[in-house]
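Below is one structure, written out as structure tokens, with a few remarks after it.
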Amino acid sequence: MADMEKQYNWKDVESRVYKAWEESGYFSPENSTSGEGSGQFSTIMPPPNANGRLHAGHALDMTLKDILTRYWRLKGKRALFLPGADHAGFETQVVYEKQLEKEGKSRMEMDRESLYKGMYEFTLENKQYMEDDVRALGASCDWSREKFTLDNDIIEKVRLSFVKLYEDGLVYRANRIVNWCTKHQTSLSDVETESEEREDMLYYIEYGPFTIATVRPETIFADVAIAVHPNDARYSEHVGKTVTVKTPIGEQELQVIADDYVDPEFGTGALKITPAHDGNDFEIGKRHNLPMPETINAYGKLTERAGKYAGMNIAQAREAVVADLESMGLLKKKEAYKHVVPFCYKCSRVIEPRIMDQWFVKMESFAKKALEALDSKKIDFLPGNMEKIFRYWMENTIDWNISRQIVWGIKIPVWYGEDGAIHLPKRQKFLLARHGESEANRDKVMGAQNDVALTDTGKEQALELAKSLKSAGISKIVHSPLSRSKESAQIIASELGVSDIEEWSDIAEVNAGEFAGKPIEGKNVLEAALESKDGEKLADLTKRAQAVIERMRAVDTEGTVLVVGHRSFTSVLMSVWAGRNEKYYTADRRRFTFENATYKELEVLIAPKGEGLTEETDVFDTWFSSGQWPYLALGYPDSSDFKTYYPTDVMETGADLIFKWVPRMVFMSAYFTGTEPFKTVYFHGMINDAKGQKMSKSKGNVLSPIELVDEFGADALRMSLVIGNPAGANMALSKDKVKAYRNFTTKIWNAARFVSMNWDESLDVWNASLSAEQQSLFDEFSAAKKSIEDHIQNFRLHLAGEELYHYFWHTFADKVIESQKAAMMGEDSAQKASALKLLGTLLKEQLILLHPFMPFVTEELYQNLPFADKKEFLMIESL
RNA sequence: GCACCUUUAGCUCAGUGGUAGAGCGUCUCAUUGACAUUGAGAAGGCCAUAGGUUCAAUUCCUAUAAGGUGCACCA
């Protein structure tokens, strides 16, 4: 072979090798394995938020998942690593708003459409960067299957999920106190707030015959009652009566109520009740049917109700009210008081509890489902203690607020009548079918837009299809102008007794230009069209499909619509429906199995009709969509991918998502698919800096994975992220560590270089026999290999990586190579052949074993070394 | 307050029922012979503390201490 450089130069290798892999199509499992019976491995990329660049945590995500995917691919499984991107609703909007602020703009001044459009462009741009970063790490994910949470079909399915939950009584709209962020102008769920101990003043105020203690004197204008404990003898004379209290803006009448909630030991044992601005007071207010006036508005300003304080913010109002109370002699005392305050996890502003109409998911039955999945051991948690945390949380759920008052997200599909009645969209079901066998199908020529008739078999198939659809509630049948479609439709219509038949010219088969009527020869109609001079082009097809979708949205019928179309165009229609990039239409076409007289289901939401309906403007909490990701990304409910790759094998994600994401996936999956979304959930910890400090921009200790790849190579970064990093633990990442594994890539490179330098093409190396001593060296490797594989299969990647490292460096390089040097460089050709065989075999085996961890350097060496029986890529070797 | 985690070499961390390992750092030596992005060698740890189980504990159990994380905490 050509002389190798003394050092491995990843900058020349990585992008070239990745491109070759990607273009080979071997990231798609159907291409990388031949056998159907080989089993499958699947994992879904936790959609990285499409609002920035890849960070170290993502890099770890990608690395761990890719190691598993590559390992199982080498083991011969159909291994799918499905890439995705998340619009990340609130997160992205916050990032985008910051950018707007820098430009001196505010989202409050922008209309919904331009704001959405701006964020869409912003997100797509970042999504592109993110994907480049994922490629740079060597992730062997199948880009032809990539999904985005704002793909059209995902949006529709998420909205459909909501409609189904509504129909099943599992979501409801309620006027309830929620967490409100005054900066971001949206409500937040319980997991989107953080809390912190803060020190505030506790003010004791004379309040009629009572003294009450409060940290929020500015809310007294919204007080409606004073509560005491039912057994508190001090106050029993007042209970049930009304008292008059003084405030700086005049007197107000308050009811005195008794409620168990009040702790007679705390403060004065008398509690002012402000239902609009405090969660507990709200509960008490509901129990006692109290009015709930508001004195703080959505922006955290005092309302008209506060008289002269109106318009002040909370801090100003508090100061002013306290000063006035003091001068009126009503302030009895004040003391420093430590308590825990919830705040917005993005801007750290104190959460203002606020009463709003919001949509909630009932958690009780969902939590039960999640716990059942745990009890029946359907999901393994790594590390195991995470299961306890999950369990605890599931046993203490509160209903999940899924309404967000932002524009970046999927709109909640609800309309309200003038009377406030709730109207849901209509679920319109379409069955996209293919005509029966045509003469062209029979003769294996391209039908395309040629008008060929059905064969007798085709007629029978159509009849069979009709019979199978008897209970499908078909009320309308649509066909193309081509007779194979029209004939099929007529057969079905007459069998089902459907009279509403319509011809849609734009669902005709793809125009394959000069290839129409020609023998198929391994090409399909779509591929032929793209190759042909005068056939349809992708852009034309997209346009045509979009027009069909418009028509579908306008359909008005009682039951299900059967669309009798053609194989290639219907597949394009489904790709366009899913919002797929045009370059993947042909990949999709290959994946869809549209046999004659079979169909796929498509459900579309059609806006309710009626006078004066107003559409809901709130969007879903982003976890409502990402919580459904494992099955939606795989094409739930009836795609072949869903059937093949779901449930997935492993979900690998950050420990911080134990509440936010993981439970939602578990219970949504249990509900919609009846099964768990993954068999194992593997949590990784935080990636910290070299000293174990959290990386943050303000500390300036952020290590960018992409810069590290640039400086030391992706393989080195991958190894340094994996080794010494067991499940659940945080890890410290330093440049020195990455550098150490960069040295390891050099070591591998030079060991291979040495063997290659001494290779002798004139010897029959691969048929040489090994001495007993050499055999025992080989056996030593086999033992190491077994142990390494055992570690990988049990998710102990940190140990597998470490053992690989040690075996290669300190056994293979230090011991085995040294022991064979004399023979390899000596004159005895038999001994030389034996030595080369031992070294060559061990090298090849190790490259395969190392490949999941260090894909680039191993692939490059594999391509350049004189191994026997080489595959096209190391990536598809067998282990 | 409750739960969970951590405590091992100077630093960051793996690991193990039979007195311990990595990376970096430190010290010494080696440079035409695959590799100085290297090699050879060295120093450095009663594995937080106290009990218990065991023939044997750094490893299992209990308690304590320190640190961390999460949850809940009422005016």
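Please read all numbers here as calculations on a predicted model, not as lab measurements. Residue numbering restarts at 1 for every chain, and letters A, B, ... go by the order of the sequence lines.
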Output the single nucleotide from [options] whose closest atom is nearest the side chain of [X].
{"X": "A:N385", "options": "B:C4, B:G39, B:C71", "answer": "B:C4"}
{"X": "A:H806", "options": "B:A22, B:A34, B:A14", "answer": "B:A22"}
{"X": "A:F659", "options": "B:A34, B:A40, B:G70", "answer": "B:G70"}
{"X": "A:L799", "options": "B:G15, B:C24, B:A34", "answer": "B:G15"}
{"X": "A:W809", "options": "B:G39, B:A22, B:C24", "answer": "B:G39"}
{"X": "A:Y392", "options": "B:C71, B:A34, B:A36", "answer": "B:C71"}
{"X": "A:N743", "options": "B:U38, B:C24, B:A14", "answer": "B:U38"}
{"X": "A:D263", "options": "B:C74, B:C4, B:U37", "answer": "B:C74"}

Measure the distance from [atom1] on [X] to [atom2] on [N] and round it to the nearest whole Å.
{"X": "A:E395", "N": "B:C4", "atom1": "CD", "atom2": "C1'", "answer": "14 Å"}
{"X": "A:R742", "N": "B:A36", "atom1": "CZ", "atom2": "P", "answer": "12 Å"}
{"X": "A:W393", "N": "B:A3", "atom1": "CH2", "atom2": "C1'", "answer": "16 Å"}
{"X": "A:L721", "N": "B:A14", "atom1": "CG", "atom2": "C1'", "answer": "16 Å"}
{"X": "A:N730", "N": "B:U6", "atom1": "CG", "atom2": "P", "answer": "11 Å"}
{"X": "A:E803", "N": "B:U16", "atom1": "CD", "atom2": "P", "answer": "12 Å"}

So what does [X] hit on the nucleic acid, given a heavy-atom distance under 4.0 Å: a base, only sugar-phosphate, or nothing?
{"X": "A:N750", "result": "base"}
{"X": "A:K694", "result": "nothing"}
{"X": "A:M731", "result": "nothing"}
{"X": "A:L271", "result": "base"}
{"X": "A:F712", "result": "nothing"}
{"X": "A:D278", "result": "nothing"}

**Message:** Looking at every non-hydrogen atom in both residues, tell me the closest pair between A:E652 and A:L60 and how far apart they are.
**Reply:** OE1-O, 4.5 Å

**Message:** Once hydrogens and angles are ignored, does a donor-acceptor distance under 3.5 Å link the base of B:C35 to the side chain of A:K747?
**Reply:** yes

**Pair A:E707 + A:K735, salt bridge at N-O below 4.0 Å** = no

**Item:** Charged N-O contact under 4.0 Å between A:K660 and A:E192
**Value:** no

**Prompt:** Taking the inter-plane angle between the rings of A:Y741 and A:Y805 on a 0 to 90° scale, is it parallel (under 30°), tilted (30 to 60°) or perpendicular (over 60°)?
**Reply:** perpendicular

**Request:** Report the relative orientation of the aromatic rings in A:F667 and A:F366; use parallel for angles under 30°, tilted for 30 to 60°, perpendicular for over 60°.
**Result:** parallel

**Prompt:** When you compare B:U12 with B:A50, how far apart are their P atoms, in angstrom units rounded to a whole number?
**Reply:** 24 Å

